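All remarks here apply to the structure that follows.
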Amino acid sequence: MKLATRVGKVTPSLTLTISAKAKAMKGQGIDVCSFSAGEPDFDTPTHIKEAAKQALDQGKTKYGPAAGEPKLREAIAKKLYQDNHLNYAPENVMVTNGGKHSLFNLMLALIEPGDEVIIPAPYWLSYPEMVTLAGGTSVIVPTTPESDYKITPEQLEEAITPQTKLFVLNSPSNPTGTVYTPQEIAELAQVIVEHDLLVVSDEIYEKILYDGAEHKSIASFGDDIFQRSIISNGFAKSYSMTGWRIGYMAGPKELIKAMTTIQSHSTSNVCTFAQYGAIAALESSQECVEQMCRAFAERRQVMLERVNQINKLSCPVPNGAFYVYVDISQTGMTSLDFSDKLLESHQVALIPGIAFGNDTTVRLSYATDMATIEKGMDRIAEFMSSL
Ligand code: GLU
């Protein structure tokens with residue numbers, strides 16, 4: 001069979017592949033400690049599940065508008081105003097099948113051959129692949145642990161060419177957990193406005209912050225940047241709703257309309273009764289989010305301490321998300337070799353940094369229980385001393 005050329009230009013998602021492998025090994029009775037997927041181990045809060053069950057019972061089982069249930073679009077617009085000081089009407093908002101789908105819709109609606117998209121590395125692995133699938137070109141800008149894995153305004157400016165269309169910002173970041181300060185965001189916004197670019201701000205980890213770190217949406221730094229911003233967010237990480245597949249996007253009406261057209265020919269609406277769960281998530285108490293964040297904070301502390309006790313491993317202190325991004329360069333191994341050997345010999349799953357554009361690092365997710373963290377870190381320590 002001759003497949004379309006575009007398929008040969010991308011590779012399967014390593015985060016999904018490795019997480020699935022770890023789950024399959026567990027299914028076979030193998031005692032695996034998985035630090036692979038960025039998937040909270042908590043169940044979805046009961047009131048959210050109840051709202052979806054109620055919607056099912058009320059017959060919310062039919063097709064709905066492609067852009068989402070009007071009530072959910074309204075609730076999202078309200079959330080963006082209250083939490084992020086962004087003044088969007090419901091027409092500026094669309095509901096998607098998860099944050100990944102939001103970004104995919106965006107790339108299809110915006111990017112075509114000849115267009116360049118600037119992506120700081122380490123990056124979440126699907127960004128460049130989506131650009132490729134849309135026919136565009138990713139311009140990867142490497143960052144270092146010395147700058148806390150943040151792109152500087154100078155680096156951004158240097159990467160801009162007449163073909164640049166879009167800049168991808170992700171703070172708090174997957175995979176590094178780094179959080180840009182409001183001042184740093186303001187400086188990036190200035191470059192974007194000066195060069196009349198667009199920015200997509202992936203804010204999926206906005207609620208998961210530590211040590212007083214602050215999340216400020218780039219779109220909130222004045223009207224010029226607001227007009228050039230697209231916000232991507234979703235329910236998976238904050239409300240432990242990964243399998244529900246509900247994300248959203250907010251931005252200029254023209255763009256939301258274009259993405260809705262694409263969605264109307266691809267997936268249609270997001271599962272109708274699931275959207276009622278999302279409404280409950282936004283409209284009820286946020287105590288469940290705070291509770292999960294408190295647990296992540298404790299786990300982060302333990303994982304950081306344990307990583308830093310191990311000879312030849314180091315990592316910067318992440319201020320957000322639920323990942324530690326560990327430098328393995330002193331082992332002399334490639335990240336794939338490191339992660340393969342660790343899984344094989346000590347049954348610990350993690351994601352090799354090569355997936356995120358950096359081969360001397362690995363990503364560990366601590367969105368898992370404390371016992372697994374303790375046991376997995378013991379095993380990593382043993383693995384390291386066996387090298
Ligand atoms: N975003 C999560 C991660 O990075 C889930 C897997 C994926 O979609 O990449 O682990």
Side-chain angles (χ1 to χ4, degrees), residues 10-24 26 32-42 44 96-107 119-133 138 149 168-179 200-208 232-249 267 270 292 296 299-300 303 315 318 320-326 335-336 339 342-343 348-358 361-369 372-373 376:
V10 291
T11 51
S13 163
L14 255 188
T15 44
L16 296 189
T17 309
I18 295 177
S19 317
K21 187 171 174 186
K23 280 184 186 167
K26 274 188 197 167
V32 179
C33 294
S34 183
F35 301 142
S36 54
E39 175 164 47
D41 56 323
F42 308 108
T44 303
T96 62
N97 289 281
K100 193 179 280 186
H101 187 220
S102 287
L103 294 159
F104 190 70
N105 279 335
L106 174 70
M107 295 307 172
I119 305 175
Y123 46 75
W124 178 50
L125 73 179
S126 293
Y127 299 143
E129 301 297 66
M130 290 177 187
V131 173
T132 301
L133 288 170
S138 298
Y149 293 115
V168 180
L169 177 66
N170 175 216
S171 175
S173 151
N174 176 6
T176 64
T178 210
V179 182
V200 58
S201 182
D202 181 350
E203 304 185 356
I204 190 92
Y205 296 97
E206 66 164 336
K207 303 273 184 198
I208 307 169
S232 178
N233 207 328
F235 295 83
K237 314 291 184 185
S238 303
Y239 299 96
S240 201
M241 292 170 69
T242 47
W244 290 59
R245 309 312 303 140
I246 314 181
Y248 58 89
M249 195 134 235
T267 60
V270 172
M292 289 190 256
F296 291 141
R299 296 161 179 196
R300 163 182 168 269
M303 200 170 234
C315 64
F322 33 60
Y323 307 107
V324 293
Y325 200 61
V326 178
S335 61
L336 257 180
S339 49
L342 179 63
L343 184 57
V348 177
L350 42 71
I351 308 291
I354 191 74
F356 312 111
N358 181 322
T361 49
V362 291
R363 186 193 80 176
L364 280 72
S365 161
Y366 51 86
T368 189
D369 62 278
T372 303
I373 292 174

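Just so you know, ligand 1 is whichever comes first in the structure, and atom 1 is the first atom listed for that ligand. All of these numbers come straight from a predicted model, not from anything done at the bench.
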- Got a sec, which residues hit ring-ring contact (aromatic ring centres under 6.0 Å, His included) with Y123, two or more places apart in sequence or on another chain?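 If we apply the ring-ring contact (aromatic ring centres under 6.0 Å, His included) test to Y123, skipping adjacent residues, there are no hits.
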- Query: Under a 4.0 Å heavy-atom cut-off, which residues neighbour ligand 1?
  - Reply: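 These residues qualify: T15, L16, A37, G38, K100, W124, L125, N174, K237, Y323, R363.
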- Item | Any donor-acceptor N or O pair under 3.5 Å, side chains Y127, D202 |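 There is such a pair (donor and acceptor under 3.5 Å, judged by atom type) between the side chains of Y127 and D202.
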- Message: Holding to side-chain contact (heavy atoms from CB on, under 4.5 Å), I want the full list of residues that pass it with S34, two or more places apart in sequence or in another chain.
- Response: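 In terms of side-chain contact (heavy atoms from CB on, under 4.5 Å), with neighbours along the sequence ignored, S34 is linked to A22, K26, S36, A349.
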- Task: Anything under 30° is parallel, anything over 60° is perpendicular, the rest tilted; go ahead and classify F322 against F296.
- Result: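 Ring orientation, 0 to 90° scale: tilted.
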- Qualifying residues under salt bridge (Lys or Arg N to Asp or Glu O under 4.0 Å), relative to E206, sequence neighbours excluded: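 Once residues adjacent in sequence are excluded, the partners of E206 under the salt bridge (Lys or Arg N to Asp or Glu O under 4.0 Å) criterion are K79.
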- Query: Is the side chain of R300 donor-acceptor paired with the backbone N or O of P318 at a distance under 3.5 Å, no angle test?
  - Reply: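 Confirmed, R300 side chain pairs with P318 backbone.
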